[in-house]
Amino acid sequence: MRIRSIETFSNEFVGMVRVSTGDGAEGWGQVSPYNADITALVLHRQIAPHALGRDALDIDALVDAIPEKEHKFPGSYLRRALAGLDTALWDLRGKREGKSVCELLGGRPRPFPVYASSMRRDITPENEAERFVRLRDAQGYGAFKFRVGRECGHDQDEWPGRSEAIVPAVREALGEDVSLLVDANSCYTPKKAIEVGRMLQDNGVCHFEEPCPYWELEWTRQVTEALDLDVTGGEQDCDLATWRRMIELRAVDVVQPDICYLGGLTRTLRVAKMAEAGGLPCTPHSANLSMVTVFTLHMMGAVENAGPYVEFSIEPTEYYPWQEGLFCPALQARDGKVQIPDAPGWGVEINPAWLASAEHRISELA
């Protein structure tokens with residue numbers, strides 16, 4: 001069952017991948033969002049030449065071989081492109097076996113708890129609290145994540161006093177029965193992160209994401225050792241050696257790989273296994289409503305050390321317009337849960353109208 005062609009359909013924000021075999025089987029995946037048109041070019045230039053003609057069902061071997069073939073390019077773009085191939089091959093395998101990817105992994109499709117994830121720092125504490133209350137009442141969310149600090153902010157807030165205001169405002173609005181998570185996006189030095197973390201603890205926050213610059217693992221470990229709440233991170237990390245070091249250092253309490261940033265489901269499952277061996281739960285990063293959330297739902301329905309919920313973006317299409325109309329059925333939160341798709345493969349169909357609007361490239365076996 002040899003790979004005959006690899007196609008991409010992309011725009012600046014998102015790119016879909018179709019892999020076809022000589023016997024007519026096909027699977028759909030996605031490269032990482034953002035600059036996806038560049039990532040699609042990387043896929044054709046540096047992934048496809050090593051994948052065409054290879055066994056479509058030997059995913060582990062391909063995922064190992066390609067980074068070795070491209071060892072002079074150890075960074076993010078190669079992994080973002082590799083994710084497109086990997087996820088398309090998982091879809092192809094699921095369709096061939098008549099099983100969802102979740103079932104291929106030994107799991108069971110079912111409604112899975114999600115947390116409502118805010119992406120905004122331009123929103124006032126009062127308005128953020130108000131929309132959380134509306135979402136809780138309408139869609140039953142039992143957990144919410146919001147932003148503190150400034151992205152890579154060198155200890156600065158988005159505006160003075162915002163973080164100190166938003167945490168108690170959200171807690172007061174939602175009450176004590178809702179889990180609160182915050183994301184600092186690499187804002188703080190250890191001293192400031194610990195100070196902020198103690199304020200979070202006082203307000204019953206359970207999850208403090210990426211408190212320090214993500215590349216400073218020792219800084220993050222200082223924060224983890226000083227606080228009682230869960231310090232989490234890892235979304236940006238695409239090197240398995242960094243993941244081994246992070247887990248060995250116990251730099252975080254919860255690992256948060258991103259399936260698209262890391263290079264696909266296969267490599268993310270390896271990180272989850274490393275974390276499981278180290279006694280750590282896995283709650284991946286899936287901060288938009290592209291296929292990455294579909295991938296994450298399937299994985300979390302199967303891994304032994306799955307955290308209590310999947311990240312689910314609450315931002316409307318006017319905030320992320322590129323998310324609109326990518327696939328169907330669209331994911332919907334009901335009673336604080338989202339159904340893991342149960343049809344074969346990823347269980348969704350890419351929208352033909354979206355494909356027709358995207359830039360198409362194809363690499364084929366000679």
Side-chain angles (χ1 to χ4, degrees), residues 1-96 101 104 236-243 257-271 290-292 295 345-346 350 354-356 358-366:
M1 197 174 190
R2 304 292 168 181
I3 298 172
R4 177 178 56 83
S5 66
I6 300 173
E7 296 170 84
T8 59
F9 302 80
S10 63
N11 58 34
E12 177 184 351
F13 299 100
V14 66
M16 300 300 175
V17 178
R18 178 165 60 188
V19 173
S20 303
T21 63
D23 61 358
E26 68 176 36
W28 285 92
Q30 182 191 288
V31 300
S32 178
Y34 308 112
N35 290 331
D37 50 348
I38 299 173
T39 305
L41 180 59
V42 172
L43 189 151
H44 288 288
R45 187 76 57 82
Q46 296 183 271
I47 302 291
H50 308 302
L52 291 171
R54 296 286 298 268
D55 184 354
L57 300 179
D58 198 357
I59 304 173
D60 275 277
L62 264 177
V63 165
D64 284 339
I66 291 171
E68 290 184 359
K69 294 288 188 181
E70 296 290 336
H71 66 274
K72 291 187 180 294
F73 297 87
S76 176
Y77 269 110
L78 190 76
R79 276 69 184 172
R80 287 168 174 255
L82 183 61
L85 173 68
D86 171 276
T87 53
L89 293 176
W90 277 101
D91 187 56
L92 185 152
R93 181 182 161 192
K95 289 172 178 173
R96 182 174 180 269
V101 173
L104 291 178
Q236 316 293 352
D237 293 292
C238 63
D239 186 334
L240 294 179
T242 299
W243 275 106
D258 183 298
I259 290 174
C260 285
Y261 295 170
L262 182 54
L265 177 63
T266 305
R267 287 165 60 89
T268 308
L269 289 169
R270 294 177 187 176
V271 169
S290 72
M291 289 284 284
V292 67
F295 305 153
W346 297 119
I350 310 302
W354 185 90
L355 293 173
E359 181 180 0
H360 177 244
R361 293 189 180 95
I362 185 168
S363 295
E364 297 180 275
L365 195 61

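Bear in mind that the values here come from a model prediction, so they are computed numbers and not experimental data.
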Does a side-chain heavy-atom distance below 4.5 Å link Asp237 with Val271? no

Below 4.5 Å, heavy atoms only, C-beta onward: do Leu265 and Phe295 meet side chain to side chain? no

For the side-chain contact (heavy atoms from CB on, under 4.5 Å) test, which of Ile3, Thr266, Leu57, Val63 pairs with Leu89? Ile3

Which of these passes side-chain contact (heavy atoms from CB on, under 4.5 Å) with Tyr77: Val31, Leu41, Val42? Val42

Going by the rule side-chain contact (heavy atoms from CB on, under 4.5 Å), which residues pair with [X] if we only count those two or more places apart in sequence or in a different chain?
{"X": "Ser363", "value": "His44, Ala48, Leu52"}
{"X": "Ala241", "value": "Asp239, Arg244"}
{"X": "Arg18", "value": "Glu7, Phe9, Ser20, Glu26, Trp28"}

Could you please spell out the steps behind the salt bridge (charged side-chain N to carboxylate O under 4.0 Å, His left out) verdict for Asp258 and Arg79? CA-CA 11 Å; Asp258 183 298; Arg79 276 69 184 172; over 6 Å; no

Does Arg2 CZ have over 12 foreign heavy atoms under 6.0 Å away? yes

Are there more than 12 heavy atoms of other residues, nucleotides or ligands under 6.0 Å from atom CZ of Arg270? yes

Under the side-chain hydrogen bond (donor to acceptor under 3.5 Å, both in side chains) rule, collect the residues that match up with Tyr34, sequence neighbours excluded. none

Applying side-chain hydrogen bond (donor to acceptor under 3.5 Å, both in side chains), name anything that partners Glu12, two or more places apart in sequence or on another chain. none

Applied to residues 47-59, the side chain to side chain donor-acceptor pair (under 3.5 Å) test, sequence neighbours excluded, yields His50-Glu70

Of all heavy-atom pairs linking Ala81 and Ile47, the shortest is CB-CG1, 3.9 Å

List the atom of Gly264, the atom of Thr87, and the distance in Å for their closest heavy-atom pair. CA-CG2, 4.5 Å

Is [X] reaching over with its side chain to a backbone N or O of [Y], donor-acceptor style, under 3.5 angstrom?
{"X": "Asp91", "Y": "Gly29", "answer": "no"}
{"X": "Thr242", "Y": "Cys238", "answer": "no"}
{"X": "Arg80", "Y": "Pro33", "answer": "yes"}

